[in-house]
Amino acid sequence: MKSLFSQLLDQPSRLIFILCALLCLTPVISSPIALVLGFTLASLGLVPSQWDIGALTKKLLAYSIIGLGFGIELETAISVSLDNLGLILGSIIFTLILGTLLTRLLKLDHKLGHMIAAGTAICGGSAIAAVSPAIKADSQQTALALATVFVLNSVALFLFPALGHLLEMSQYHFGVWSAIAIHDTSSVVGAASAYGDEALVTATTIKLARALWIVPLALISAMVFGGNKRRVSVPLFIVFYCVAIAIAHYLPQGQVAYEAIFMLSKRVLVLCLFLIGAGITLRKMRQAGAKPMILGLLLWVAIGVGSLLYIIHFS
């Protein structure tokens, strides 16, 4: 049992953490600032250790993605997904093949390399979480893959909007690019939201269409690595996201409520990025090591540059 003194020391940190979290629900804090704010609190030891921040983040992120579905038109979702189907499939296949080759070249553990490639190819932590049990990866391999993608994902939140403005990309093209080249859905939506509403709608639609490929990838991974095909599952938030789009389309009477849910979801997403930042520590960043980070970086640069060139010349 903790001493009374320790409990008293915990109270200020809890208060500061809660106040910062509430501040992220206001327009004052942007997505990148929320991430930095969370990381700063983690570095100063002001994140309450008793709270399961990871579990809370996962739930809030799922709810915010579902809420964003109420602000996306069905026709837009279908047309954007179909128009970019070739890019989605091509980028996934290219990344997985390149990841396999680089894993062998770097003499990296095959399961670790495959999870990093899967996280880069589809949707970061969600893909790694789905593939990990399918290939019977151990906790250390999974942690290293997550840490590698996590670090690069955080960088993307700052880097991509800046590059988008530098290259004078349209909101549509930036939405497509961020959905293909950024790992996690949280950072995709965060970066696109900072760029504009059209970029947000495009990026969210393409990213979640891309995320549907988690299931076939996990099944194929299980067969290749001799893993467990029964432990493959569909992320439910994607299903409910599609349901939200359908509700907004077929029941237009609730448009005012849908707009309110959409705006609230955007703010909750910023809160999620704050919580993600609160989970980043220097120990986790060091834990990733050199070879996994080199693999992750090479794959990220390849898919980022490759998709950008495709969008510029063919989109």
Side-chain angles (χ1 to χ4, degrees), residues 24 27-37 64-65 68-69 71-73 75-92 94-95 98 119-124 149 151-211 259 262-263 265-267 269-270 272-273 276-277 296-315:
C24 289
V28 175
I29 304 295
S30 64
S31 300
I33 297 301
L35 190 74
V36 172
L37 184 59
S64 63
I65 294 298
L68 290 177
I72 295 175
E73 294 181 0
E75 291 88 351
T76 301
I78 293 172
S79 64
V80 167
S81 299
L82 291 178
D83 289 346
N84 294 281
L85 184 59
L87 180 59
I88 292 170
L89 277 175
S91 63
I92 291 172
F94 169 75
T95 305
L98 182 61
T120 307
I122 300 184
C123 59
V149 168
V151 171
L152 297 175
N153 210 42
S154 302
V155 174
L157 191 61
F158 294 91
L159 183 62
F160 271 67
L163 287 175
H165 287 299
L166 182 66
L167 296 171
E168 298 182 344
M169 297 181 74
S170 68
Q171 288 204 26
Y172 175 79
H173 285 154
F174 181 82
V176 174
W177 185 44
S178 60
I180 297 296
I182 300 179
H183 309 79
D184 274 339
T185 304
S186 56
S187 286
V188 169
V189 179
S193 179
Y195 207 78
D197 284 344
E198 184 184 347
L200 173 62
V201 170
T202 302
T204 304
T205 303
I206 295 176
K207 189 63 178 179
L208 294 181
R210 193 178 175 199
E259 289 177 1
F262 181 74
M263 295 305 296
S265 297
K266 287 172 65 176
R267 295 316 309 171
L269 182 72
V270 175
C272 289
L273 291 168
I276 288 171
L297 185 60
L298 289 174
L299 288 175
W300 189 38
V301 170
I303 193 63
V305 173
S307 58
L308 178 62
L309 291 175
Y310 179 91
I311 290 166
I312 290 173
H313 293 291
F314 299 107
S315 184

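We're numbering straight along the sequence, starting at 1.
- Only one option out of Val189, Val188, Leu269 pairs with Thr204 in a side-chain contact (heavy atoms from CB on, under 4.5 Å); it is Val189.
- The CD1 atom of Ile33 lies 8.5 Å from the CG atom of Leu37; values are rounded to the nearest 0.5 Å.
- Side chains of Leu98 and Leu298 form no contact here, defined as non-hydrogen atoms less than 4.5 Å apart.
- At least one donor-acceptor pair under 3.5 Å links the side chain of Ser178 to the backbone N or O of Gly175.
- Residues Leu87 and Phe314 fail the side-chain proximity criterion, which asks for heavy atoms closer than 4.5 Å.
- In this structure, the side chains of Asn84 and Ile180 stay at 4.5 Å or more apart for every pair of heavy atoms.
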Side chain to side chain contact (heavy atoms under 4.5 Å, CB included) between Asp83 and Val176, worked out: CA-CA 10 Å; Asp83 289 346; Val176 174; over 6 Å; no

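- Separation of atoms CG (Leu208) and CD1 (Ile72) is listed at 7.5 Å; rounding is to 0.5 Å.
- Counting only heavy atoms from C-beta outward, the side chains of Leu200 and Lys266 approach each other to under 4.5 Å.
- Rounding to the nearest 0.5 Å places CE of Met263 at 7.0 Å from CG of Asp197.
- Looking only at distances, no side-chain donor or acceptor of Arg210 sits under 3.5 Å from a matching main-chain atom of Cys123.
- Between Phe174 and Ala191, the shortest heavy-atom contact is CE2-O, 3.7 Å.
- Annotation for Glu168: atom CD does not count as buried by contact number, only 12 or fewer foreign heavy atoms lying within 6.0 Å.
- Nearest heavy-atom pair across Ser91 and Ile303 is CB-CD1, 3.4 Å.
- Closest heavy-atom contact between Glu198 and Gln171: N-OE1, 3.0 Å.
- The distance from the CD1 atom of Ile182 to the CG atom of Leu157 is 7.5 Å, given to the nearest 0.5 Å.
- In this structure the side chain of Val201 never reaches within 4.5 angstrom of the side chain of Glu73, judged on heavy atoms.
- Taking each heavy atom of Ile88 and Ala209 in turn, the nearest pair found is CD1-CB, 4.3 Å.
- Between the OG1 atom in Thr120 and the CZ atom in Phe94 there is a gap of 11.5 Å [rounded to 0.5 Å].
- Once rounded to the nearest 0.5 Å, the distance linking OG of Ser187 with CG of Leu159 reads 11.5 Å.
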Steps toward side chain to side chain contact (heavy atoms under 4.5 Å, CB included) verdict (Ser186, Asn153): CA-CA 9 Å; Ser186 56; Asn153 210 42; 4.1 Å; yes

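- Remark: side-chain polar atoms of Trp177 are paired, donor with acceptor, to backbone N or O of Gly304 under 3.5 angstrom.
- Of all heavy-atom pairs between Asp184 and Gly124, the closest is OD1-CA, 3.1 Å.
- Ser64 approaches Ser265 most closely through the heavy-atom pair O-CB, 3.4 Å.
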